[in-house]
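Chain letters run A, B, ... following the sequence lines, proteins first and then strands; every chain starts at 1. All values derive from a computational prediction rather than experimental measurement.
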There are 2 protein chains.
Amino acid sequence: MSARHEEIAEALRQAIDGGVYAVGALLPSESELAARYGVARGTVRQAVAALTAEGRVGSRQGARRVVLGNHRSQSFAELRSFAQWAQSMGRTATGRVIEQFRRPADDEDVLRLQLEPGAEVLQVLRVRGLDGERVLVERNVYPAWVADTVERLPRDCKSVVQALYDEVGLVFAYGEHVIDAVAAGTRDAELLGMRRGAPLLRIRRVTTTHAGRPIEWSDDRYRPGSVTFAIHNSIGSNPLSRRAATDDPPREL
Amino acid sequence: MSARHEEIAEALRQAIDGGVYAVGALLPSESELAARYGVARGTVRQAVAALTAEGRVGSRQGARRVVLGNHRSQSFAELRSFAQWAQSMGRTATGRVIEQFRRPADDEDVLRLQLEPGAEVLQVLRVRGLDGERVLVERNVYPAWVADTVERLPRDCKSVVQALYDEVGLVFAYGEHVIDAVAAGTRDAELLGMRRGAPLLRIRRVTTTHAGRPIEWSDDRYRPGSVTFAIHNSIGSNPLSRRAATDDPPREL
DNA sequence: GAGTGGTCTAGACCACCTG
DNA sequence: AGGTGGTCTAGACCACTCT
């Protein structure tokens with residue numbers, strides 16, 4: 001938060017949330033903001049670009065920026081682990097390992113984790129909860145080079161992401177998430193206390209290091225109603241994409 | 001595509017897709033790209049910022065940019081309507097109005113569309129398909145000020161968004177989407193040819209004009225397997241929460 | 001036509017990563 | 001220590017919107 005443009009962005013966020021600029025109202029022009037904060041116009045542009053990306057203001061050439069909303073929505077804007085996300089919402093995350101074993105990589109593992117055929121992977125099945133309520137079933141697959149460290153973690157480890165950072169300095173830097181819906185399998189139903197076949201929100205994710213090396217892939221199945229995901233979207237640009245059905249058939253683990 | 005930074009971004013995209021820069025490889029430095037394309041560094045930064053937002057490259061201070069992937073997923077960023085998105089993928093979208101009627105706004109309508117209590121809305125139930133296959137059930141609610149125009153559209157109108165633009169110059173500029181999973185109701189099941197209770201991916205959306213005025217809200221229920229949604233994600237500027245600066249510096253593998 | 005945001009330049013300094 | 005990306009400046013011109 002030391003960068004000047006971030007300070008300005010935060011000041012504008014608070015002004016919007018505080019009602020100084022109502023929803024539907026116009027923001028001051030870039031030049032005026034530049035004068036007000038004593039910075040160059042480019043710095044103001046960096047600040048308002050952040051608000052635009054968050055969906056708080058809209059922007060079009062030739063017209064003043066418009067305040068679109070003052071929601072403090074928690075989206076995928078930043079890569080957060082479940083535990084970290086929960087914490088930032090002021091809630092308590094729990095986690096428990098149900099099952100954990102090594103096995104040879106199958107075709108899907110080889111593809112997603114960029115492994116050599118025949119490599120070994122570590123599969124972990126976890127149930128995670130929020131404030132004591134069971135919320136999701138998580139199936140992770142780790143390549144061999146992180147398996148040892150993961151296996152050494154306590155089985156009720158609250159945040160695997162945090163633990164791997166603390167233990168070996170491993171950073172979960174980038175993620176790609178694919179979202180769809182799936183019926184609860186027998187195992188899912190049992191673990192979440194729902195009936196078999198109930199709808200679950202599924203997020204399949206590959207996480208990589210800064211260098212783009214895959215650290216894990218995961219199949220997370222959320223009980224609906226406990227967590228929702230929001231995306232803001234403009235005619236300009238934002239990081240959600242829609243794709244036609246691909247070559248990944250659902251499978252039961 | 002006339003802006004120089006967009007041309008450069010597109011050139012880099014093609015270089016990545018064409019294998020000039022493999023996944024995991026490093027991009028040339030900003031200075032080198034600036035020299036190569038004969039532009040200032042700021043222009044190169046605009047170009048690579050686009051690639052970063054698309055999840056194609058990763059970026060961190062002090063290190064060269066890394067190629068993360070070469071996906072060719074159509075960006076949903078441009079807030080395309082279903083029909084426009086389908087067309088850009090070379091597929092054929094169909095749509096059919098099942099039911100269309102006016103009714104008084106309920107509490108949900110008033111909230112989402114920012115209406116006065118007692119206002120009238122137009123509700124439309126549509127089924128949409130891709131290449132002849134039924135893919136989603138769409139329930140739209142329009143405020144009175146667009147209802148007339150929507151009612152006049154043909155019942156098999158392929159793209160309502162396009163039609164409203166052509167007819168009255170109305171631009172669907174911003175959207176907020178909330179994603180969850182839901183069980184198919186009797187009506188959903190019937191219309192999509194599935195069994196009742198089957199899992200559907202639900203996206204509830206409010207779309208607004210440039211000025212932030214709501215144009216519609218919609219409850220779209222997708223049959224799983226036909227369309228998936230993807231999000232790219234990076235840790236951004238916020239380093240993975242804190243730890244003591246004295247001991248074990250982060251390592252990268 | 002006046003005002004606004006979008007693009008672009010040509011510098012500068014700093015924070016950070018890597019050898 | 002040298003290179004790289006992140007921040008910032010102070011201009012300029014253009015495309016667009018608004019009235």
Among [options], the nucleotide that comes nearest once only the side chain of [X] is considered:
X: A:Gln46; options: C:dA10, D:dA15, D:dT7; answer: D:dT7
X: A:Arg4; options: D:dT7, D:dC8, D:dG5; answer: D:dC8
X: B:Arg64; options: D:dT4, C:dC17, C:dT7; answer: D:dT4
X: A:Val39; options: D:dT9, C:dT18, D:dC16; answer: D:dT9
X: B:Ala40; options: C:dT4, C:dA10, C:dT7; answer: C:dA10

How many Å lie between [atom1] on [X] and [atom2] on [N], as a whole number?
X: B:His5; N: C:dT9; atom1: NE2; atom2: P; result: 11 Å
X: B:Gln61; N: D:dT4; atom1: CD; atom2: P; result: 14 Å
X: B:Glu30; N: C:dC16; atom1: CD; atom2: P; result: 16 Å
X: A:Leu27; N: C:dG3; atom1: CG; atom2: P; result: 19 Å
X: A:Arg65; N: D:dC18; atom1: CZ; atom2: C1'; result: 17 Å
X: A:Glu7; N: D:dG6; atom1: CD; atom2: P; result: 19 Å
X: B:Arg45; N: C:dA12; atom1: CZ; atom2: C1'; result: 14 Å
X: A:Tyr37; N: D:dT9; atom1: OH; atom2: P; result: 14 Å

Using a 4.0 Å heavy-atom cut-off across all strands, classify A:Arg41 as base, sugar-phosphate, or nothing.
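Touches a base.
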
Under the side chain to side chain contact (heavy atoms under 4.5 Å, CB included) rule, what do A:Val57 and A:Ile16 come out as? Steps first, then yes or no, please.
CA-CA 9 Å; A:Val57 306; A:Ile16 290 171; 3.9 Å; yes

Please confirm whether the shortest side-chain N or O distance from B:Ser59 to OP1 or OP2 of D:dG6 is below 4.0 Å.
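Yes, within the criterion.
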
Within the structure, does a side-chain N or O atom of A:Ser31 lie under 4.0 Å from either OP1 or OP2 of C:dT4?
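Looking at the OP1 and OP2 atoms of C:dT4, neither is under 4.0 Å from any side-chain N or O of A:Ser31.
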
Any side-chain heavy-atom pair from A:Asp17 and A:Arg56 closer than 4.5 angstrom?
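Sidechains of A:Arg56 and A:Asp17: in contact.
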
If you look at every heavy atom in B:Leu170 and B:Val146, which pair is closest and at what distance?
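B:Leu170 and B:Val146 have their closest heavy atoms at CD2-CG1, 3.4 Å.
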
Determine, step by step, whether B:Arg112 and B:Arg204 satisfy the side chain to side chain contact (heavy atoms under 4.5 Å, CB included) criterion, reporting the C-alpha distance in whole Å, the side-chain angles of both residues, the deciding distance to 0.1 Å, and the verdict.
CA-CA 11 Å; B:Arg112 293 195 200 276; B:Arg204 283 174 294 181; 4.0 Å; yes

A:Arg128 side chain to A:Ala83 backbone, donor-acceptor under 3.5 Å:
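The answer is no, because no donor-acceptor pair under 3.5 Å joins these two groups.
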
